[in-house]
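There's a structure below that I have some questions on.
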Amino acid sequence: MDKFDKRYMLMASIWAGNSYCVRRKVGALIVKDKMIISDGYNGTPTGFENICEDENNVSKPYVLHAEANAITKIARSNNSSNGSTLYVTASPCIECAKLIIQSGIQRVVYGEQYRLTDGIDLLARAGIQVEHLPLEECQ
């Protein structure tokens, strides 16, 4: 880990503050050649109400994860995520791990360990470099 890893992770945590989700706010940055080429935070799709949880405080099934938002934003741009690093404040789930693999991201740095590790396990199996960098170490 270097000072840039810590700074990008801190920036991802600041970006998470844009989320309207109550239960958990997650931010993500995709960085290539020391340039931020995409960003994302968890929330509802464009055009939907900015309410992530239902009346029972359960996340609505159509809420997008921060990683998915950052990756799909790349798809709408002229950038390529091939060979990039993803900084995300929470470890990726298995669905986001599949998107990460397919998008050509080579390295994932995450802050908080989620209770399930299947996403991290899949990334490692795909040969993607995965590193845990707790947010407390980025201050």
Side-chain angles (χ1 to χ4, degrees):
M1 299 285 172
D2 64 17
K3 68 179 181 178
F4 288 105
D5 288 328
K6 291 179 179 182
R7 288 180 180 161
Y8 287 131
M9 183 59 74
L10 189 57
M11 291 170 71
S13 71
I14 291 168
W15 203 244
N18 290 321
S19 174
Y20 287 91
C21 296
V22 175
R23 291 177 57 223
R24 175 176 292 192
K25 296 178 183 297
V26 180
L29 294 178
I30 299 175
V31 177
K32 186 174 181 179
D33 300 324
K34 292 196 167 112
M35 292 184 296
I36 297 169
I37 60 170
S38 191
D39 55 57
Y41 51 87
N42 57 327
T44 57
T46 303
F48 282 64
E49 74 289 345
N50 288 320
I51 301 169
C52 298
E53 294 85 10
D54 64 18
E55 60 279 351
N56 297 317
N57 201 32
V58 174
S59 290
K60 293 179 179 177
Y62 52 84
V63 169
L64 290 156
H65 290 185
E67 307 94 295
N69 269 324
I71 290 168
T72 56
K73 203 181 269 191
I74 289 267
R76 291 174 35 170
S77 75
N78 291 325
N79 286 320
S80 168
S81 53
N82 205 37
S84 64
T85 297
L86 170 72
Y87 295 88
V88 62
T89 58
S91 59
C93 70
I94 195 156
E95 293 301 317
C96 287
K98 291 188 274 186
L99 292 175
I100 292 165
I101 292 164
Q102 290 300 96
S103 69
I105 292 171
Q106 288 185 335
R107 182 172 173 247
V108 174
V109 180
Y110 69 93
E112 177 188 352
Q113 177 66 57
Y114 188 61
R115 61 182 170 80
L116 300 175
T117 63
D118 52 356
I120 295 296
D121 297 340
L122 186 64
L123 292 172
R125 181 176 170 196
I128 293 173
Q129 184 180 350
V130 179
E131 299 176 43
H132 182 211
L133 177 57
L135 291 170
E136 307 83 60
E137 294 181 20
C138 299
Q139 305 299 330

* Check: S38 and L29 side chains under 4.5 Å, non-hydrogen atoms ->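 No - every pair of side-chain heavy atoms lies 4.5 Å or more apart.
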Pairs under 3.5 angstrom only: tabulate donor-acceptor contacts from the side chains of residues 123-135 to other protein residues two or more places apart or in another chain.
{"from": "Q129", "atom 1": "NE2", "to": "E131", "atom 2": "OE2", "distance (Å)": "2.4"}
{"from": "E131", "atom 1": "OE1", "to": "R107", "atom 2": "NH2", "distance (Å)": "3.4"}
{"from": "E131", "atom 1": "OE2", "to": "R107", "atom 2": "NE", "distance (Å)": "2.8"}
{"from": "E131", "atom 1": "OE2", "to": "R107", "atom 2": "NH2", "distance (Å)": "3.4"}
{"from": "H132", "atom 1": "NE2", "to": "G111", "atom 2": "O", "distance (Å)": "2.7"}

When the side chains of residues 14-23 are checked against the rest of the protein, which donor-acceptor pairs come out under 3.5 Å, sequence neighbours left out?
{"from": "W15", "atom 1": "NE1", "to": "D39", "atom 2": "OD1", "distance (Å)": "3.3"}
{"from": "N18", "atom 1": "ND2", "to": "W15", "atom 2": "O", "distance (Å)": "3.4"}
{"from": "S19", "atom 1": "OG", "to": "C21", "atom 2": "N", "distance (Å)": "3.0"}
{"from": "S19", "atom 1": "OG", "to": "N42", "atom 2": "O", "distance (Å)": "2.9"}
{"from": "S19", "atom 1": "OG", "to": "N42", "atom 2": "OD1", "distance (Å)": "3.0"}
{"from": "R23", "atom 1": "NE", "to": "N57", "atom 2": "O", "distance (Å)": "3.4"}
{"from": "R23", "atom 1": "NH1", "to": "S59", "atom 2": "OG", "distance (Å)": "3.0"}

* Asked: Counting only heavy atoms not in K73, do more than 12 fall under 6.0 Å of its NZ?
  ->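 Above 12, so yes.
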* Asked: What pairs of residues pass the disulfide bond (SG atoms under 2.5 Å apart) test when at least one of them lies in residues 74-139, not counting sequence neighbours?
  ->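 Listed by first then second residue: nothing to list.
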* Is R7 close to Y87 at the side-chain level, that is, under 4.5 Å between some pair of heavy atoms? ->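 No; the side chains remain at least 4.5 Å from each other.
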* Asked: Hey, are the side chains of V88 and V26 touching, using non-hydrogen atoms and a 4.5 Å cut-off?
  -> yes
* Same cluster or not: are I94 and I120 linked, directly or through other Ile, Leu, Val, Met, Phe, Trp or Tyr residues, by side-chain heavy atoms under 4.5 angstrom apart? -> yes
Check residues 112-119 and write down every donor-acceptor pair under 3.5 Å in which the side-chain atom is one partner and the other belongs to a residue at least two apart or another chain.
{"from": "E112", "atom 1": "OE2", "to": "R24", "atom 2": "NH2", "distance (Å)": "3.4"}
{"from": "Q113", "atom 1": "OE1", "to": "Y110", "atom 2": "OH", "distance (Å)": "2.8"}
{"from": "T117", "atom 1": "OG1", "to": "D121", "atom 2": "OD2", "distance (Å)": "3.2"}

* **Set of residues satisfying salt bridge (charged side-chain N to carboxylate O under 4.0 Å, His left out) with respect to K32, sequence neighbours excluded** => none
* Taking only residues two or more places apart in sequence or in another chain, which ones pass salt bridge (charged side-chain N to carboxylate O under 4.0 Å, His left out) with E95? ->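 K98.
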* **Any side-chain heavy-atom pair of I105 and I71 under 4.5 Å** =>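 Result yes, sub-4.5 Å side-chain heavy-atom pair found.
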